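So the structure is just underneath, and the comments pick up after that.
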Amino acid sequence: MTEPSYLTAVRESYDTVAADYLKQVKRPAELDPLSRALLTAFAEAVREGGGGPVADLGCGPGLVTAHLAGLGLSAFGVDLSPRMVELARRAHPELSFTVGSMTGLDIEDGSLAGILAYYSTHHTPPELLPLVYGEFQRTLRPGGLLMLAGYVGAGERVRPKPAYGGHPVSYESHRLPPEQLVELLERAGLVVTARVFQEPEEGRRARIATLLCQRPL
């Protein structure tokens, strides 16, 4: 089967910027208080639900995966970029990281207590989000939790300038209305239990939406 062109663009772009991305991206401890609190709340909810495996999908160099592990979760990471996974394994050898795509997860049905998709789905073309959200629903166990966070907008399609370290990249980003994301999540069989919005930080133009979801029991 031919791979969608956007996956090739994302993989090649993040392989290119991986080292500089790791130098420049904020560590979890450097996030704003609300973002840190939401990650903590997600971890607490997973633990209260009985715990179990938690997948950090689009984990990059594993910074947030390690943060989740530090919050008491059995976290592992999946990323499309082999270079990102290499950096994650090197920095956090005690955790598991694998190369994979959210469009076809190598994870058993109903096996996850939680999924974190942290600024990792915005490169997915809107018409393919039902496939990705369907994979989230498939792999979560009944009662399992999803935390989805990222930039939202009015449907803008953003072509980035050179990224992290000035490297050229070929991926695109999609800033969809949060109402559209909620509708797609619900169509995939997930219940949205909370919505949190953050206004743009200085120097940024986009709002941030964090959606907490559950696969029904």
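Hydrogens, waters and symmetry mates are skipped; everything else that's a heavy atom, side chains included, is used. Keep in mind the model is a prediction, meaning the values are calculated, not measured.
The side chain to side chain contact (heavy atoms under 4.5 Å, CB included) with Y151 is formed by just one residue from the set V158, I208, L176; it is I208. Between L116 and the choices L148, D56, V46, the side chain to side chain contact (heavy atoms under 4.5 Å, CB included) rule is met once, by D56.
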Exercise for review: Run the numbers on V54 and F42 for side-chain contact (heavy atoms from CB on, under 4.5 Å), then give the verdict.
Suggested key: CA-CA 11 Å; V54 174; F42 170 71; 4.1 Å; yes
Point to revise | From CA spacing to verdict: side-chain contact (heavy atoms from CB on, under 4.5 Å), L73, R47 | key: CA-CA 7 Å; L73 299 184; R47 293 198 309 269; 3.8 Å; yes
Review point. Going through the distances and angles, do H123 and Y14 end up as a ring-ring contact (aromatic ring centres under 6.0 Å, His included)?
Key: CA-CA 12 Å; H123 297 308; Y14 279 102; 5.6 Å; yes
Practice item. Verify side-chain contact (heavy atoms from CB on, under 4.5 Å) between E172 and R157, making sure each step is shown before the conclusion. Key: CA-CA 7 Å; E172 295 180 337; R157 181 176 176 180; 2.7 Å; yes
Point to revise | Trace of the side-chain contact (heavy atoms from CB on, under 4.5 Å) decision for T210 with L34 | key: CA-CA 11 Å; T210 300; L34 179 56; over 6 Å; no
**Study point:** Q214/T193 under side-chain hydrogen bond (donor to acceptor under 3.5 Å, both in side chains): CA gap, chis, key distance, verdict
**Key:** CA-CA 7 Å; Q214 184 175 40; T193 59; over 6 Å; no
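The local environment of CD in E186 is crowded, with over 12 non-hydrogen atoms from other residues, nucleotides or ligands closer than 6.0 Å. When the shell of 6.0 Å around CZ of R195 is examined, it contains 12 or fewer heavy atoms from other residues, nucleotides or ligands. Heavy atoms from other residues, nucleotides or ligands lying under 6.0 Å from CG of D106 number 12 at most. When the shell of 6.0 Å around CZ of R36 is examined, it contains more than 12 heavy atoms from other residues, nucleotides or ligands.
Checked by atom type and distance alone, the side chain of R215 pairs as donor or acceptor with a backbone atom of Q137 at under 3.5 Å. Side-chain atoms of S120 come within 3.5 Å of backbone atoms of L57 as a donor-acceptor pair (strictly under, hydrogens ignored). Judged by distance alone, the side chain of D79 and the main-chain N or O of V85 form no donor-acceptor pair under 3.5 Å.
Cluster membership for F76 and L146, using ILVMFWY side-chain heavy atoms within less than 4.5 angstrom, is shared. Hydrophobic clustering, with ILVMFWY side chains joined whenever heavy atoms are under 4.5 angstrom apart, keeps Y6 apart from L129. Residues V17 and L63 fall within the same hydrophobic cluster, defined by Ile, Leu, Val, Met, Phe, Trp and Tyr side chains chained together at heavy-atom separations under 4.5 Å. Cluster annotation: L145 is connected to L38 through the hydrophobic network of ILVMFWY side chains, with a link wherever side-chain heavy atoms come within less than 4.5 Å. A continuous path of ILVMFWY side-chain contacts below 4.5 Å connects I115 to I107, so both sit in one hydrophobic cluster.
A salt bridge is defined here as a Lys NZ or Arg NE, NH1 or NH2 lying under 4.0 Å from an Asp or Glu carboxylate O, and R83 with E86 meets this definition. Under 4.0 Å is where a charged nitrogen must lie from a carboxylate oxygen, and between E156 and R175 no such pair does.
The CG atom of D15 sits 3.5 Å away from the OG atom of S81 when rounded to the nearest 0.5 Å.
By the 4.5 Å heavy-atom criterion applied to side chains, L185 and L211 are counted as neighbours. Using a 4.5 Å heavy-atom threshold, the side chains of R141 and S111 count as separate. You'll find the side chain of V25 reaches within 4.5 Å of the side chain of R27, heavy atoms only. Side-chain contact between R11 and V99 is absent, with no heavy-atom pair separated by less than 4.5 Å. In this structure the side chain of D32 reaches within 4.5 angstrom of the side chain of Q198, judged on heavy atoms. Inter-residue side-chain proximity for T16 and Y164 is flagged as unmet; no heavy-atom pair is nearer than 4.5 Å. Between V192 and L212, every side-chain heavy-atom pair lies at or beyond the 4.5 Å cut-off. The shortest side-chain heavy-atom distance between S173 and Y119 does not fall under the 4.5 Å cut-off.
Annotation: cation-pi geometry not satisfied between R89 and F97 (NZ/CZ under 6.0 angstrom from ring centroid, within 45° of ring axis).
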